[in-house]
Amino acid sequence: MPTTFLIELLDRIRRPWVPLLGAWLLSGCSSLDYYTQLARGQMALLYARQPVQGLIDDPAQPQQLRQRLTLTQQARTFASVALGLPDNGSYRVYADIQRPFVVWNLFATPEFSLQPETHCFPIAGCVAYRGYYQLGRARGAAALLRQQGLDTWVGGVEAYSTLGWFDDPLLNTMLRWDDDRLAALIFHELAHQRLYVPGDTAFNESFASFVEREGLNQWRTRRGLSSQGDDVSERRDALTRLVLDTRERLTRLYASGLPPERMRQAKAETFERMRRDYRALRDREWGGYNRYDAWVEGPMNNAKLLPFGLYDQWVPAFAALFREVGGDWPAFYQRARELGELPLQARTKALESLVANR
């Protein structure tokens with residue numbers, strides 16, 4: 001048996017799989033195959049976990065691994081003590097999954113639309129992607145969608161949250177990051193456990209992104225470092241604005257009623273304009289900083305743009321909310337939960353009001 005009684009008997013495994021089993025009974029063969037790979041992938045992840053403290057205390061483990069894990073536990077404790085995030089077993093266990101990503105997310109849109117193909121799941125609600133534990137499966141599913149005329153994009157994910165259903169592990173995929181990004185991810189994923197609204201990706205990701213950013217600033221301050229307002233963050237935000245501007249141009253194009261061939265040509269021209277604008281930004285303002293070159297210069301389509309905006313659309317609203325409560329984390333979480341309980345239209349209106357009044 002694995003250590004710590006099979007990590008508390010795989011976190012009392014019967015409980016989370018009840019809704020998944022119900023989904024299988026209500027779905028066809030292709031959906032059954034998809035949910036089966038999800039179940040197998042999650043189970044493999046659970047079985048691979050080991051208590052972090054045991055690895056830190058084991059002199060036979062590589063020193064670099066022990067040092068990195070020690071840092072994660074400092075950030076993990078800070079998350080609960082200082083940020084009011086859940087105090088549970090998540091990120092106090094570790095799994096080496098022997099691959100660069102834990103899952104690969106598949107996004108898809110029509111050729112002339114930025115509306116994603118959505119998928120609804122037990123617990124998580126409806127989201128704009130499907131996740132696969134094997135890259136080959138994700139690429140195969142993407143190929144089938146392209147045969148239907150859809151734009152597709154497959155992106156690797158280094159970590160995800162099970163929203164508290166299991167003790168989520170630190171992964172080898174995360175330890176190659178720098179100290180700030182590693183701590184930020186812990187704050188982000190624990191924020192999803194603190195508050196999650198099924199079916200509203202923009203709300204959930206913006207909430208977690210704000211907690212991540214503010215939490216990281218406070219974490220850096222606690223360690224005697226400057227706040228995170230650095231060049232990397234500014235460049236990331238500039239790229240996001242560039243992509244969102246491109247999405248707005250494409251939205252207007254797709255509403256124009258042009259014939260398909262003309263629209264297809266204009267679509268390609270819009271993406272090339274984005275590349276030119278990026279190169280100018282990189283060369284004139286960033287001093288040649290080229291971290292995003294591969295993404296920008298690679299094949300481009302609607303689906304590749306989908307993740308942008310989901311993670312930060314409402315970050316300014318949550319920042320305003322945090323200021324309104326004087327930086328008090330419990331009060332912030334309570335107000336955010338109240339927003340999440342509103343109907344979607346009222347929630348959006350309240351978030352827009354927070355942005356306008358900041």
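Values below: all heavy atoms of this structure, side chains included; hydrogens, waters and symmetry mates excluded.
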Practice item. Under the side chain to side chain contact (heavy atoms under 4.5 Å, CB included) rule, what do D168 and Y91 come out as? Steps first, then yes or no, please. Key: CA-CA 6 Å; D168 294 320; Y91 309 111; 3.7 Å; yes

To the nearest 0.5 Å, what is the distance between [atom1] ([X]) and [atom2] ([Y])?
{"X": "T173", "Y": "F101", "atom1": "OG1", "atom2": "CZ", "result": "8.5 Å"}
{"X": "N302", "Y": "E111", "atom1": "CG", "atom2": "CD", "result": "8.0 Å"}
{"X": "D283", "Y": "Y289", "atom1": "CG", "atom2": "OH", "result": "14.5 Å"}
{"X": "R213", "Y": "L216", "atom1": "CZ", "atom2": "CG", "result": "10.5 Å"}
{"X": "T246", "Y": "D277", "atom1": "OG1", "atom2": "CG", "result": "7.0 Å"}
{"X": "R137", "Y": "L135", "atom1": "CZ", "atom2": "CG", "result": "12.5 Å"}

**Study point:** Y34 six-ring centre to R130 NZ/CZ under 6.0 Å and within 45° of normal
**Key:** yes

Review point. Distance under 6.0 Å and angle within 45° of the ring axis: does R181 meet both against F187?
Key: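 The answer is no, since R181 fails at least one limit relative to F187.
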
Check your understanding: Does the gap between the ring centers of Y133 and W104 come in under 6.0 Å?
Key -> no

Review point. Using the benzene-type ring in the case of Trp, are the ring centres of F332 and W329 under 6.0 Å apart?
Key: yes

Without swapping roles, check the side chain of [X] against the backbone of [Y] for a donor-acceptor pair under 3.5 Å.
{"X": "S80", "Y": "G84", "answer": "no"}
{"X": "S206", "Y": "Q313", "answer": "yes"}
{"X": "R176", "Y": "P100", "answer": "yes"}
{"X": "R247", "Y": "F308", "answer": "yes"}

Practice item. Test E272 against R279 for salt bridge (Lys or Arg N to Asp or Glu O under 4.0 Å), laying out the working first. Key: CA-CA 11 Å; E272 190 53 41; R279 293 173 197 135; 3.5 Å; yes

Quiz question: by atom type and distance under 3.5 Å, do the side chains of [X] and [Y] form a donor-acceptor pair?
{"X": "S90", "Y": "Q193", "answer": "yes"}
{"X": "D293", "Y": "Y278", "answer": "yes"}
{"X": "T221", "Y": "N217", "answer": "no"}

Practice item. Count the heavy atoms belonging to other residues, nucleotides or ligands that lie under 6.0 Å from CZ of R223, then report whether that count exceeds 12. Key: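 Enclosed: over 12 neighbouring heavy atoms sit under 6.0 Å from CZ of R223.
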
Point to revise | Q63 atom CD, neighbour heavy-atom count above 12 within 6.0 Å | key: yes

Review point. Given R235 and R282, is the side chain to side chain contact (heavy atoms under 4.5 Å, CB included) satisfied, shown in steps?
Key: CA-CA 9 Å; R235 290 163 183 160; R282 176 196 64 197; over 6 Å; no

Practice item. Inspect the contact between K349 and E352 and indicate whether a charged nitrogen and a carboxylate oxygen are less than 4.0 angstrom apart. Key: no

**Study point:** Pairing of R66 and D57 as salt bridge, 4.0 angstrom limit
**Key:**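 Result for this pair is no, no salt bridge flagged.
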
Practice item. Start with the C-alpha gap between R291 and W286, add the side-chain angles, then the distance that decides, and say whether side chain to side chain contact (heavy atoms under 4.5 Å, CB included) holds. Key: CA-CA 10 Å; R291 176 178 176 181; W286 296 355; over 6 Å; no

Point to revise | Residue that, paired with D96, satisfies side-chain contact (heavy atoms from CB on, under 4.5 Å) out of N172, L175, L55 | key: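 Checked N172, L175, L55 against D96; only one passes side-chain contact (heavy atoms from CB on, under 4.5 Å): N172.
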
Point to revise | Test side-chain hydrogen bond (donor to acceptor under 3.5 Å, both in side chains) applied to Q265 and E261, step by step | key: CA-CA 6 Å; Q265 178 183 354; E261 283 303 317; over 6 Å; no

Practice item. Report the C-alpha separation of L305 and M300 in whole Å, then their side-chain angles, then the decisive distance to 0.1 Å, and conclude whether the side chain to side chain contact (heavy atoms under 4.5 Å, CB included) test is met. Key: CA-CA 8 Å; L305 306 187; M300 194 67 63; 3.9 Å; yes

Practice item. From the options F318, F210, W314, select the one residue that forms a ring-ring contact (aromatic ring centres under 6.0 Å, His included) with F203. Key: F318

Exercise for review: For residues 74-88, pull every pair meeting salt bridge (charged side-chain N to carboxylate O under 4.0 Å, His left out), keeping only residues two or more places apart or in separate chains.
Suggested key: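 Found D87-R92.
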
Check your understanding: Knowing that exactly one of K304, K267, R146 qualifies, which makes a side-chain hydrogen bond (donor to acceptor under 3.5 Å, both in side chains) with D151?
Key ->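 Option passing the side-chain hydrogen bond (donor to acceptor under 3.5 Å, both in side chains) with D151: K267.
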
